[in-house]
A.B. asks: 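Before anything else, here's the structure in question.
Since the model is a prediction, treat every value here as computed from it, not as a measurement. Position 1 is the first residue of the sequence; numbering continues from there.
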Amino acid sequence: MAFLKVAKSGTLSLNEKSRALADAGRQVYRFGFGESPFPPPRRVQEALRRAAHRQDYTDVAGLPALREKIAAFHHEVDGYPIQPSQVLIAPGTKPLLHNIMRAFQPGEVTIPGPSWVSYAPLARLAGHKVIGIPTAFEGRWRVKPEDLERAFLRHRGMDCHKLMVLNYPGNPDGLTYSYEELAALTAVLRRHGVWVIADEIYGLLDHRGQHVSMARLYPERTLVTTGLSKWCGAGGWRLGALILPPDAPKALHDALVGLGSETYSCAPAPIQVAALEAYELDSELHGYLAAQRRILRAIGSAVHLALAKAGIRAHAPQGGFYLLLDFSPFSDRLVARGICSDSQLCDRLLADTGVALLPGGAFGMPSGSLTARLAYVDFDGEAAQRDGERIEATATEHAAKMLEGIAALRKWLR
């Protein structure tokens, strides 16, 4: 008898492999796993401790008070009206993404590449056809309106829901879209009646604090996913949120709640109670967010500069904590060493230097493109926060281990 074949997430797999090597005494430069280096705000940690006794199941959609907090929070930071009835809470955004895709039957999912490792597998698990739209380094890995137009025209006539996943600031590239770029994409999406899953989990970590939510431009068919994992340093807490369009069909809302009831029941009650503190947007939280942006901007710039000096192509990050590396300038040297794909490159780097990168193929890139994702999170976030406005001067000190890893990478390449 056969069983469903689902590969383990590439990011989780590499994290486990890196941890095993480090436990065995090897020097490992952890560029593979994108986990926030910052601790959750102290008051949020205290709220979780106080709520540890909560053992009750909440509503599938989440605590009403938390849905109200999240609606008010994103109304203020993203600048568009949100009602609590539009908000659904889940244990992380991954089950929300899966259930959104399952709710649209039948459907096809367009995914501009490179994209996060789980979008395409989640779409296929939902039984959908996946349409990839490749992008290029020269175009800053951004999907263009003309690319969307061609893709939608090529697949027109199919009697199904059309969805597109748009993630920005992006994983794996660390880049974002301007208001003008989003407006141009919106015109195409509206013309073809496409539903957008806007994964804005890194929105609050836009390095300049200038994130523009897709829901501002395309409110009628944008479903925004967000949560605590990135901006609140609470990845393992598993608290995700979905913001539905204001006039979303009742059938869609009911399908999502029904799917949630049969898969995760509800997000853990203690985590939801702690999230009430996380979504209290006051001067303390504004300061917490501003500090993270300043630190990530400074350390991202230091890492990007070191990569540029090593001859590795990458665009300067604009949000989150990733860089998409392009090793094509070294293709002749790599081929001479028997390395013809990104997976071979990353395997050899880990074995020879301890540098742990995730191959671009995990993000939908052609294996021969010789690309890899670097996460620049291997630093003490709490210590960096203590440096405050001095972070620009001390960024290289905080990034010392990562810069050492890039030096090892540079030596190996040359």
Side-chain angles (χ1 to χ4, degrees), residues 31 34-38 74 77-79 112-116 119 135-145 147 165-186 196 198-217 224-226 229-233 286 288-308 312-326 357-358 360 363-365 371-379 381 384 391-392 395 398-399 402 406:
F31 292 123
E35 185 173 22
S36 172
F38 304 104
H74 281 282
V77 299
D78 290 321
S115 63
W116 180 50
Y119 295 139
T135 60
F137 178 90
E138 290 72 20
R140 295 181 56 257
W141 309 116
R142 301 298 80 190
V143 65
K144 307 297 182 186
D147 299 330
V165 182
L166 195 65
N167 166 227
Y168 65 101
N171 176 3
D173 49 67
L175 302 175
T176 193
Y177 287 90
S178 68
Y179 184 96
E180 291 73 22
E181 288 170 326
L182 291 172
L185 296 178
T186 297
V196 175
D199 186 359
E200 302 181 16
I201 193 74
Y202 297 95
L204 289 166
L205 295 183
D206 181 291
H207 291 176
R208 301 289 177 183
Q210 297 174 352
H211 175 73
V212 179
S213 176
M214 191 68 177
R216 282 179 54 191
L217 293 93
V224 176
T225 56
T226 182
S229 63
K230 307 306 177 184
W231 69 265
C232 195
H286 276 299
Y288 174 79
L289 291 169
Q292 288 188 75
R293 293 170 186 144
R294 189 166 56 242
I295 293 164
L296 290 171
R297 185 169 67 242
I299 291 180
S301 295
V303 170
H304 179 256
L305 179 61
L307 290 165
I312 301 167
R313 299 207 307 172
H315 292 287
Q318 297 175 305
F321 30 71
Y322 303 110
L323 287 155
L324 185 59
L325 313 187
D326 177 7
L357 298 172
L358 203 58
F363 302 94
M365 299 290 289
T371 56
R373 190 195 74 176
L374 180 152
Y376 52 93
V377 293
D378 195 5
F379 64 93
I391 189 63
E392 285 80 8
H398 292 286
M402 294 184 286
I406 294 170

A.B. asks: What do the steps show when you test Ser115 against Val165 for side chain to side chain contact (heavy atoms under 4.5 Å, CB included), and what is the final call?
C.D. replies: CA-CA 9 Å; Ser115 63; Val165 182; over 6 Å; no
A.B. asks: Just to verify, which of Phe363, Tyr322, Phe31 counts as forming a side-chain contact (heavy atoms from CB on, under 4.5 Å) with Leu358?
C.D. replies: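 That would be Phe363.
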A.B. asks: To the nearest 0.5 angstrom, please state how far the CD atom of Glu200 sits from the CG atom of Asp206.
C.D. replies: 11.0 Å
A.B. asks: From Glu392 CD over to Ile299 CD1, what is the distance, rounded to the nearest 0.5 angstrom?
C.D. replies: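 The CD1 atom of Ile299 is 10.5 Å from CD of Glu392, to the nearest 0.5 Å.
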A.B. asks: On a heavy-atom basis, which atom in Ser36 and which in Gly233 lie closest, and how many Å separate them?
C.D. replies: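 Where Ser36 meets Gly233 most closely, the heavy atoms are OG-CA, 3.6 Å.
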A.B. asks: Please tell me if the side chains of Ile201 and Thr225 come closer than 4.5 Å, counting only heavy atoms from C-beta onward.
C.D. replies: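 Of all side-chain heavy-atom pairs linking Thr225 with Ile201, none is under 4.5 Å.
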A.B. asks: Do you know the tightest heavy-atom contact between Leu166 and Met214?
C.D. replies: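 Distance-wise, the nearest heavy atoms are CD2-SD, 4.3 Å.
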A.B. asks: Decide yes or no for Thr135 and Pro114: does some side-chain heavy atom of the first lie under 4.5 Å from some side-chain heavy atom of the second?
C.D. replies: yes
A.B. asks: Using a 3.5 Å distance criterion without hydrogens, assess whether the side chain of Thr371 forms a donor-acceptor pair with backbone atoms of Leu325.
C.D. replies: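 No, Thr371 side chain to Leu325 backbone: no donor-acceptor pair under 3.5 Å.
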A.B. asks: Determine the minimum heavy-atom distance between Gly320 and Pro169, stating which atoms define it.
C.D. replies: N-CB, 4.3 Å
A.B. asks: Got a second to check how far Leu289's CG is from Leu205's CG, nearest 0.5 Å?
C.D. replies: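 Rounded to the nearest 0.5 Å, the CG-CG separation comes out at 7.5 Å.
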A.B. asks: Only one of Trp116, Phe321, Trp231 passes ring-ring contact (aromatic ring centres under 6.0 Å, His included) with Tyr202; say which it is.
C.D. replies: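 Testing Tyr202 for a ring-ring contact (aromatic ring centres under 6.0 Å, His included) against Trp116, Phe321, Trp231 leaves exactly one candidate, Phe321.
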A.B. asks: So do the side chains of His315 and Asp173 get within less than 4.5 Å of each other, counting heavy atoms only?
C.D. replies: no
A.B. asks: In Å, rounded to the nearest 0.5 Å, how long is the span from CD of Gln318 to CD of Gln210?
C.D. replies: 10.0 Å
A.B. asks: Would you say the rings of Tyr168 and His211 are close, in the sense that their centroids are separated by under 6.0 Å?
C.D. replies: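 Yes, the ring of His211 comes within the 6.0 Å limit of the ring of Tyr168, centre to centre.
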A.B. asks: Calculate, to the nearest 0.5 Å, the distance between atoms CG and OG1 belonging to Asp78 and Thr226 respectively.
C.D. replies: 8.0 Å
A.B. asks: Contact between Arg208 and Arg297 at the side-chain level, heavy atoms closer than 4.5 Å - yes or no?
C.D. replies: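 In short, these two side chains touch, coming nearer than 4.5 Å.
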A.B. asks: State, yes or no, whether a side-chain contact exists between Val212 and Leu217 at a heavy-atom distance under 4.5 Å.
C.D. replies: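 Side-chain contact under 4.5 Å: yes.
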A.B. asks: Taking the six-membered ring for Trp, are Tyr376 and His207 parallel (under 30°), tilted (30 to 60°) or perpendicular (over 60°)?
C.D. replies: perpendicular
A.B. asks: Report yes if some heavy atom in the side chain of Arg373 is under 4.5 Å from a heavy atom in the side chain of Asn171; otherwise report no.
C.D. replies: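 Result yes, sub-4.5 Å side-chain heavy-atom pair found.
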A.B. asks: Test the Arg313-Phe137 pair against the cation-pi criterion, namely NZ or CZ under 6.0 angstrom from the six-membered ring centroid and within 45° of the ring axis.
C.D. replies: yes
A.B. asks: Quick one: closest heavy-atom pair of Pro317 and Leu323, and the distance?
C.D. replies: CD-CD2, 3.4 Å
A.B. asks: Distance from Arg142 atom CZ to Leu175 atom CG, nearest 0.5 Å?
C.D. replies: 5.0 Å
A.B. asks: Does any part of the side chain of Ile391, heavy atoms only, come nearer than 4.5 Å to the side chain of His398, both counted from C-beta?
C.D. replies: yes
A.B. asks: Using a 3.5 Å distance criterion without hydrogens, assess whether the side chain of Arg293 forms a donor-acceptor pair with backbone atoms of Gly319.
C.D. replies: no
